[in-house]
Amino acid sequence: DALFEIVNFLQERNRAEEEWSDLGIKGAFSKKLSEDEISVLLKSLVDQEFLSMKEGSGKRNYFRVIKNPFA
């Protein structure tokens, strides 16, 4: 489950409450995903209201976990 991988990745780095970028979360996934695949995945989690998204200036977007079913 992608959300589980993201939450674990952030918790291991003590960043579970912080904002992070789509590029910065790339290491969370055991399977290598393209930037497009990560983007689609993150958009899906935003649509399901697990993540919030803020558009950055330029190419990057910034996210925050707003609903953690594993806590």
With Phe4 via ring-ring contact (aromatic ring centres under 6.0 Å, His included) - residues at least two apart: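 Scan of Phe4 (ring-ring contact (aromatic ring centres under 6.0 Å, His included), adjacent residues dropped) gives Phe70.
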Can I get a per-line list of side-chain donor-acceptor pairs under 3.5 Å for residues 41-51, giving both atom names and the distance, sequence neighbours left out?
from  : atom 1 : to    : atom 2 : distance (Å)
Lys43 : NZ     : Asp47 : OD1    : 3.0
Lys43 : NZ     : Asp47 : OD2    : 3.3
Ser44 : OG     : Gln48 : NE2    : 2.9
Gln48 : NE2    : Ser44 : O      : 3.3

Nearest atoms (heavy-atom pairs only) where Gly56 meets Tyr62: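 In terms of heavy atoms, the two residues are closest at CA-CE1, 3.8 Å.
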Nearest non-hydrogen partners of Leu3 and Pro69, listed with the distance: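 Minimum heavy-atom contact is CD2-CD, 3.6 Å.
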Qualifying side-chain hydrogen bond (donor to acceptor under 3.5 Å, both in side chains) pairs, either residue in residues 2-15, two or more places apart: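 Residue pairs with at least one partner in residues 2-15: Arg15-Glu18.
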For Lys59, salt bridge (charged side-chain N to carboxylate O under 4.0 Å, His left out) partners two or more places apart: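 With neighbours one apart ignored, the set is Glu35.
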Partner residues of Ser34 under the side-chain contact (heavy atoms from CB on, under 4.5 Å) criterion, sequence neighbours left out: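 Partners of Ser34 by the side-chain contact (heavy atoms from CB on, under 4.5 Å) criterion, ordered by chain and then number, come out as Asp36, Glu37.
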Check: Ile6 and Phe63 side chains under 4.5 Å, non-hydrogen atoms: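 No, every pair of side-chain atoms sits at 4.5 Å or beyond.
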Spatial distance of atom CD1 (Ile66) from atom CZ (Arg64) [nearest 0.5 Å]: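 If we round to the nearest 0.5 Å, Ile66:CD1 and Arg64:CZ are 10.5 Å apart.
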N/O donor-acceptor pairs under 3.5 Å from side chains in residues 20-27, not counting sequence neighbours:
from  : atom 1 : to    : atom 2 : distance (Å)
Ser21 : OG     : Leu23 : N      : 3.4
Ser21 : OG     : Gly24 : N      : 2.9
Asp22 : OD1    : Arg60 : NH1    : 3.3
Asp22 : OD1    : Asn61 : N      : 3.4

